[in-house]
Amino acid sequence: MKDRYDIVVVGAGPAGSMAAKHAALGGANVLLIEKKAEIGAPLRCAEGVSKRRLKEVGIEPDPMWISSEIRGTIMRTVGGSYLKVDESWKDGEVGYVLNRHLFDKFVSEQAAEAGADVVVRAACTGVIRDNTGRISGVRVTHMGETKEIGCDCIVAADGFESQVARWAGIDTSLSLNDIDSCIQYTMVDVDIVQDYCEFILGSVSPGGYVWIFPKGKHSANVGLGIQGTKIEPGRGPKYYLDKFIESDPRLKNGSVVNIAAGMVSLCPGLESAAEDGIVLVGDAARVIDPMTGGGIYHALMTGMHAGETLAECYLKKDYSKESFKPYEEIWRGKIMKELQRNWKIKEKFVDMDDRTIDELIEVASHAEMEKVRVDDMVKVVKERCPDIVSLYK
């Protein structure tokens, strides 16, 4: 690591790597640091992403980091309602389940190829300000040695708990209503549908859902999330996941080869994802979908546009909050309405009982749906049974 860079990116997940890549392509001198010893590990993700969304951010698929191709969605309830939609027949493009650790490495390698310095086992331990109060660098601990590195701008890509944002004075606090506690097993020797992502709704996972994402022959990510306010002593996510697996004959005799756990934020985005000298991207900017918990595309997209904006800032030598307006306008224009809508729906969904959820999926199963998205489900419910639940009031 040099003593000074134009931009320091903290966190080498998809958001941070994309920001570093595009800022470096614009000529900026960029450092990308990752506190873990290996980029992409340990895993905290169900690993699903749509093919269309990858194209939007300029990433061509590579068999190296693809576990499974997905053609559709299965939704089930504890009451037995069942919805299966083959989404591939219309445009032939649905999605992938990734090998995230390999995918994250791939994106970070692109950042390095664009000219960014990439350093692992480098933890940001503080934000430095000059005597005027302006952000002027970061404090980094690397291999037991602490070093101060000067920069004109920091990119906070250190996840939803973003310490960097808090050190910079940005309020990133969350209520328990907007946090899901999650656990996921990667399982082998399981008997599941190999080209469909499956979701199980209802009291099997209070305030959330169970997911089964295929990872190749007889292998899958099996996990769930529980809303923070619904966690009871002795009945955390692991209790519910073990109970679900034991009840499912396709899974109960499988073996767990990896366990991942963590928290997910489910709120409609920060009011501001930038201040003078700092930009927030990905989970740090609260862009995870509040209804689905999905965030890979949102991370890639915010990282890309932040990097492009930073390249312009580099040319102007202006890293003020005002100069980051193009970034704020682009990402908000793409997803903010969706985040706000899905947050409102999430607030209703988490309190639905099993009977109501069962009715919703039963109605959807007779609607000849072409795709399973939140807005598709809302449209069907509003058209066919508005008396079941009002999702917007």
Side-chain angles (χ1 to χ4, degrees), residues 42-50 66-89 94-101 180-226 235-262 264 291-294 349 352-355 357-362 364-366 369 371-373 377:
L43 172 72
R44 289 198 303 175
C45 179
E47 304 181 278
V49 68
S50 80
I66 295 172
S67 290
S68 299
E69 288 201 41
I70 302 301
R71 63 183 296 173
T73 302
I74 295 171
M75 300 185 79
R76 295 194 289 118
T77 71
V78 295
S81 291
Y82 182 88
L83 169 68
K84 182 177 182 179
V85 179
D86 182 348
E87 303 175 45
S88 64
W89 67 271
V94 183
Y96 303 113
V97 176
L98 306 176
N99 276 315
R100 260 298 297 274
H101 66 292
D180 263 23
S181 181
C182 305
I183 188 167
Q184 174 177 274
Y185 298 161
T186 300
M187 301 187 68
V188 297
D189 196 22
V190 293
D191 184 19
I192 60 166
V193 180
Q194 287 298 315
D195 49 2
Y196 281 76
C197 285
E198 186 171 339
F199 303 86
I200 301 90
L201 310 178
S203 56
V204 286
S205 184
Y209 61 84
V210 174
W211 63 82
I212 302 174
F213 283 17
K215 288 274 291 178
K217 189 174 181 181
H218 302 300
S219 177
N221 287 332
V222 183
L224 56 74
I226 298 177
R235 292 196 172 189
K238 186 178 186 303
Y239 167 85
Y240 284 97
L241 183 56
D242 290 343
K243 184 177 178 182
F244 171 75
I245 290 171
E246 184 62 28
S247 72
D248 192 318
R250 303 170 303 164
L251 305 173
K252 64 182 301 182
N253 294 319
S255 298
V256 176
V257 296
N258 187 63
I259 300 176
V264 176
M291 187 64 189
T292 68
F349 171 79
M352 288 182 187
D353 58 25
D354 286 346
R355 182 189 62 80
I357 294 173
D358 198 52
E359 288 185 64
L360 291 175
I361 300 304
E362 185 66 27
S365 69
H366 296 292
M369 297 176 65
K371 293 183 177 181
V372 180
R373 303 289 184 272
M377 296 292 289

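In what follows, residues are counted from 1 in the order of the sequence shown.
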**OP:** Determine the sole option in Ile226, Val222, Leu241, Asp242 for which the side-chain contact (heavy atoms from CB on, under 4.5 Å) test with Ile183 is passed.
**Re:**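 Going through the options one by one, the only one that passes is Leu241.
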Any heavy-atom pair between the side chains of [Y] and [X] that's under 4.5 Å?
X	Y	value
Tyr240	Ser203	no
Ile192	Leu251	yes
Trp211	Gln184	yes
Phe244	Ile200	yes
Leu201	Ile361	yes

How long is the span from the [atom1] atom in [X] to the [atom2] atom in [Y], to the nearest 0.5 Å?
X	Y	atom1	atom2	answer
Met75	Tyr82	CE	OH	12.0 Å
Ser67	Leu98	OG	CG	7.0 Å
Ser81	Ile357	OG	CD1	10.5 Å
Lys215	Asn258	NZ	CG	9.0 Å
Asp189	Ser255	CG	OG	6.0 Å

Subject >> Residue pair Ile74, Leu83: steps toward the side-chain contact (heavy atoms from CB on, under 4.5 Å) verdict >> reply: CA-CA 6 Å; Ile74 295 171; Leu83 169 68; over 6 Å; no
**OP:** For the pair Cys197 and Val97, evaluate side-chain contact (heavy atoms from CB on, under 4.5 Å) and give the outcome as yes or no after the intermediate values.
**Re:** CA-CA 9 Å; Cys197 285; Val97 176; 4.2 Å; yes
Flag, side chain of [X] to backbone of [Y], donor-acceptor distance under 3.5 Å:
X	Y	value
Glu87	Gly72	no
Asp195	Arg71	no
Ser219	Gly216	no
His218	Val190	yes
Ser50	Gly95	no

Subject >> Salt-bridge present (Glu198, Arg76; N to O < 4.0 Å) >> reply: yes
Original post:
Charged N to carboxylate O below 4.0 Å: is that the case for Asp248 and Lys252?
Top reply: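 No, no charged N to carboxylate O under 4.0 Å.
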**OP:** May I have the step-by-step check of side-chain contact (heavy atoms from CB on, under 4.5 Å) for Thr77 and Asp354, ending in yes or no?
**Re:** CA-CA 8 Å; Thr77 71; Asp354 286 346; over 6 Å; no
**OP:** Kindly write out the residues that satisfy ring-ring contact (aromatic ring centres under 6.0 Å, His included) with Phe199, not counting sequence neighbours, or none if the list is empty.
**Re:** Tyr209, Phe213
Subject >> Shortest non-hydrogen contact between Val85 and Tyr196, atoms and distance >> reply: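 Closest approach of Val85 to Tyr196, heavy atoms only: O-CE2, 3.5 Å.
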Original post:
Do you know which two heavy atoms are closest between Gly225 and Ser205, and how far apart they sit?
Top reply: O-OG, 2.5 Å
Original post:
Quick one: do the Asn221 and Glu47 side chains pair a donor with an acceptor below 3.5 Å?
Top reply: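 Short answer, yes.
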